[in-house]
Undergrad: 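Before I ask anything, here is the structure I am working with.
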Amino acid sequence: MIQCGKGLFTLHTRHTTYQMKAGAHGVLLHTYYGPRVDGCDLSYRIRYVDRGFSPNPEEAGEDRGFSLDVLPQEYSGCGMGDFRLPSLDLELPNGSRAADLRYKSFRVEPGKYALEGLPAFWGEDGETLVVVLEDAAAGVEAELYYGVLEDYDIITRAVKLINRGSAAVKVRQAASLCLDFQREDLDLITFDGKHVLERRPNRGPLLPGVRSVGSVRGSSSHQHNPFVILCEHGAGEDHGLCYGAALLYSGNFQAAAERSQFENIRLTLGIHPWHFCWTLAPGEGFTTPEAALCCSKDGLAVLSHRFHRAIRERLIRDPWAGRPRPVLINNWEATEFSFDAERLVKIAESAAPLGIELFVMDDGWFGARNSDNAGLGDWTVNGEKLPGGLEALASRIRALGMQFGLWMEPEMVNEDSALYRAHPDWALQIPGRAKVRGRQQLALDFSRREVREHIYGALKAVLSSADVSYVKWDVNRSLAAVWSAALPPERQGETYHRCVLGLYSMLEQMRRDFPHMLIEGCSGGGGRFDAGMLYYTPQIWCSDNTDAMDRLRIQYGTSFCYPVCTMGAHVSAVPNAQTGRSVSMETRGVAAMHGTFGYEMDPAEISPEERETVLRQTAFFKEHQGLIYQGDYYRLTDPFQNGPYTAWEHVSPDKREALVSVVSGPVQGGPPLRNLRLKGLDPELCYCVNGESSLPGSALMEAGWPLPMPWGDYQSWQFYLTAIS
Ligand code: GLA
């Protein structure tokens, strides 16, 4: 619900309230964001105090209590007396750097706004508030967009800048979100890591100064994620106030939190200002990516539930919102580049009787792609490996009762390719500087329409040549030495963002042309796992690390924002290719059921007992996929605490069904006997556990369920609970 009146703007979701007020001199002040508060102008919380070395704008006259440096701002400027984190930084033709926004007008629109060319939450049931601010000296208007998804407790933000003046203005920074808290006692949680070990939660109190994470790698990155949490020091899974902020963007980003001199906190989130400079000619507009905010006063589990539900139901689009996903098998870890049609069909033949529904042909099917040194960019089927083309293979796979899918990496090129030999300037590289290769490849300049059209034309021909149900869209390097041959010097600062826009436009086109095809995102595993990609690719390969024990941690970190149905998770062969660790087929399966479930191996190479296990796993997963994907997800333990068990739980919305998964770590002599306290059940209902014992929900939640004593390393158990009516 949106309430507006006398310069006061209040946004209510079911459990939260967000408020701002156009105060003295037109400065848009942030008055409150938190648990729901009704019927109140909360600007009484703002105090006006004369602070030394906090300057006053000219309009304030002799009022030394009015300083931009002190007041909580809705969208901060810079260079005009607010020395904290800027949201907006404008360079005018005279070289000055500043931004100073004042209130101009507002409008309320039905439905949740959409952003042209950018991912955004959707929903006709939502509402939109647009508050228009103006920097009169720059001739720039900033339209602050607020989307209210009331039932989801989500508030989204985006900013549209419009040059209403007569001279070009350079936008040096434009955050999607600025959030001023009138308190200092918050922890920041960021999700950090590296290739093959992504999204480890790191939590710490904010100390005076700025703590920021981000990416300047051209994609959202393995190293940091565009999702952060701010929470009270004591907040935990089930209690305490916490805020989450997700950026729907897959390129360079920055999330920064500042604890200022007066013990207030400011959070900003948006495109990273490094190497960003967007020229706005008169009449032109620039729209930031969207950011989504959520608040919970009941701890991190509720915060996650709200993001999960909103992502499942209002970010992922049809036909995949709420739809089951096929159990897949991917040949990469079994064959890498050395395969031909016969080898692939053999894998599919041994997979089909195991209940696996989709066969995915990974890297190596095109051009002269026999290693990672060559072939990227040449998107024509390699006739030696696949005589008869794609359809010849796809029809053999379909004859086995399976769907067919394939891998691609459209944004990249090898120098050893026909494409690069014909168009070296289509790759991003700086003239006069040495090349920077990543995995022996260069990145294509996706800011250029002709580059995108060429690549898309080739891919579309391939996808149209056979019945393809699934695509794995990969990107396997970080960008460096970025310069576009198609942009003038003063617009080079637009290249990174234009490449992301190019990526989004191609994904959108693919969705339009192949509306029933499932696209899975990937970037060397989880290097582009963000809410922006999920708008186009409803699932993303979580990590190149398929070691079950490492995966428990990666998936745990990922779960704070992203729902289980978005996490690509597969069982792979042992010893694991990343860690050398061997874990039983049972436990690998339990770990992979924390995701979209599938296999990366040759099932012909496993024992008859393991084949039996796989058959059981695929049947079990299909039976419970609805519960795993649509249920509320609970983290029952923190795998980073090195406790004896890692456990998680899915509870159906009506609380009549639950699935508890438990994996033990390295065993030790005299292991503790634990009763695992479950969550989210109905205390009044009686539950049957694995078809046997029946216990009240209150007992299972308060007294706990006795876990078996581990015997050997890395064991696993699943407990399926049904309410006895
Ligand atoms: C990336 C992906 C892998 C695989 C290879 C193929 O590393 O994450 O799953 O597709 O590329 O080159």
Side-chain angles (χ1 to χ4, degrees), residues 193-199 217-223 250 328-339 343-344 347 358-379 382 385 404-414 416-417 437-444 459 462 468 470-479 518-530 533 537 539-548 550-551 554-555 558 566-573 576-579 588 592 595-602:
K194 52 189 157 189
H195 178 228
V196 301
L197 217 55
E198 297 90 343
R199 291 176 294 285
R217 294 167 173 271
S219 57
S220 46
S221 90
H222 301 86
Q223 286 71 19
S250 313
L328 70 80
I329 186 145
N330 176 304
N331 70 295
W332 176 248
E333 294 202 16
T335 67
E336 297 214 339
F337 297 103
S338 42
F339 62 81
R343 176 88 173 92
L344 297 181
I347 295 177
L358 163 68
F359 178 83
V360 179
M361 173 172 65
D362 209 276
D363 194 357
W365 56 266
F366 51 90
R369 184 75 168 166
N370 295 314
S371 75
D372 49 19
N373 293 335
L376 286 176
D378 297 341
W379 298 107
N382 180 317
K385 289 183 183 175
F404 175 72
L406 52 81
W407 177 97
M408 55 176 63
E409 194 178 0
E411 297 149 85
M412 293 289 149
V413 65
N414 286 114
D416 187 358
S417 68
R437 301 190 182 96
R439 208 193 183 201
Q440 288 300 310
Q441 61 199 49
L442 301 177
L444 287 171
L459 291 172
V462 168
V468 179
Y470 163 104
V471 152
K472 177 175 170 189
W473 182 304
D474 208 344
V475 61
N476 276 321
R477 63 159 294 177
S478 299
L479 303 190
L518 173 61
I519 311 179
E520 175 157 354
C522 179
S523 173
R528 198 159 64 184
F529 203 118
D530 56 69
M533 284 306 286
T537 67
Q539 59 193 53
I540 302 175
W541 184 226
C542 213
S543 177
D544 272 349
N545 186 343
T546 48
D547 174 277
D550 279 359
R551 270 302 186 113
I554 295 166
Q555 292 163 182
T558 307
T566 65
M567 296 184 212
H570 301 163
V571 174
S572 64
N576 182 268
Q578 298 296 341
T579 60
R588 280 177 277 158
T596 59
F597 200 62
Y599 294 82
E600 302 252 335
M601 56 166 60
D602 183 351

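Just so you know, these numbers come straight off a predicted model, no measurement behind them. Heavy-atom basis, side chains included; hydrogens, waters and symmetry copies ignored. Whatever order the structure lists them in is the order used to number ligands and atoms, beginning at 1.
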Undergrad: In terms of relative ring orientation, are His195 and His222 parallel, tilted or perpendicular, with 30° and 60° separating the classes?
TA: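 Correct class here is perpendicular.
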
Undergrad: Write out the residue and atom name of the closest protein heavy atom to atom 8 (O) of ligand 1, then the distance separating them to 0.1 Å.
TA: Asp544 OD1, 2.4 Å

Undergrad: Is there a donor in the side chain of Asn545 and an acceptor in the side chain of Asp547, or the other way round, less than 3.5 Å apart?
TA: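 On atom types as modelled, these side chains do not qualify, holding no pair under 3.5 Å.
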
Undergrad: Looking just at side-chain N and O atoms, do Thr546 and Glu333 make a donor-acceptor pair shorter than 3.5 Å?
TA: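 The answer is yes; a qualifying pair exists.
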
Undergrad: How far apart are the closest heavy atoms of Ser543 and Val196, and which atoms are they?
TA: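 That would be OG-CA, 3.7 Å.
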
Undergrad: To the nearest 0.5 Å, how far apart are CG in Asp550 and CD in Gln578?
TA: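 Going from CG on Asp550 over to CD on Gln578, the span is 9.0 Å.
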
Undergrad: Are any of the N/O atoms on Gly525, whether in the backbone or the side chain, positioned under 3.5 angstrom from an N/O atom of ligand 1?
TA: yes

Undergrad: How does Glu409 reach ligand 1, by side chain, by backbone, by both or by neither, if only non-hydrogen atoms under 4.0 Å count?
TA: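 Glu409 to ligand 1: no contact under 4.0 Å from either part.
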
Undergrad: Fit a plane to each ring of Trp407 and Phe366, take the angle between them on a 0 to 90° scale, and name the class: parallel (under 30°), tilted (30 to 60°) or perpendicular (over 60°).
TA: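 Aromatic pair Trp407/Phe366 classed parallel.
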
Undergrad: Is it the side chain, the backbone, both or neither of Asn476 that has a heavy atom closer than 4.0 Å to ligand 1?
TA: side chain

Undergrad: Using side-chain hydrogen bond (donor to acceptor under 3.5 Å, both in side chains) as the criterion, point out the one residue from Arg477, Lys472, Gln441 that pairs with Glu409.
TA: Gln441

Undergrad: For Asp363, counting its heavy atoms only, list the atoms of ligand 1 lying under 4.0 Å from any of them.
TA: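 The atoms of ligand 1 under 4.0 Å from a heavy atom of Asp363 are 6 (C), 12 (O).
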
Undergrad: Just let me know how Glu600 lines up against ligand 1, side chain, backbone, both or neither, with a heavy-atom cut-off below 4.0 Å.
TA: neither

Undergrad: Would you say His195 contacts ligand 1, with heavy atoms under 4.0 Å as the rule?
TA: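 His195 does not count as a contact of ligand 1 under the 4.0 Å cut-off.
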
Undergrad: Could you list which atoms of ligand 1 come closer than 4.0 Å to a heavy atom of Cys522?
TA: 2 (C), 8 (O)

Undergrad: For atom 10 (O) of ligand 1, what's the nearest protein heavy-atom neighbour? Residue, atom name and distance, please.
TA: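 Here the closest protein heavy atom is Asp362 OD1, 2.6 Å.
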
Undergrad: Could you tell me whether Trp332 and ligand 1 have an N or O pair separated by under 3.5 Å?
TA: no

Undergrad: Checking the N or O distance criterion of under 3.5 Å, is ligand 1 in contact with Trp407?
TA: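 Yes - when backbone and side-chain N and O of Trp407 are compared with those of ligand 1, one distance drops under 3.5 Å.
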
Undergrad: For the residue pair Arg199 / Thr558, report whether a side-chain donor-acceptor contact shorter than 3.5 Å exists.
TA: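 Checked: Thr558/Arg199 side chains pair up, N/O donor to acceptor below 3.5 Å.
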
Undergrad: Just let me know how Asp474 lines up against ligand 1, side chain, backbone, both or neither, with a heavy-atom cut-off below 4.0 Å.
TA: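 Side chain only.
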
Undergrad: Does Lys472 have a heavy atom less than 4.0 Å from any atom of ligand 1?
TA: yes

Undergrad: Check whether the side chains of Asn576 and Arg588 place a donor and an acceptor atom closer than 3.5 Å, and report yes or no.
TA: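 Judged by distance alone, the side chains do not pair up.
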
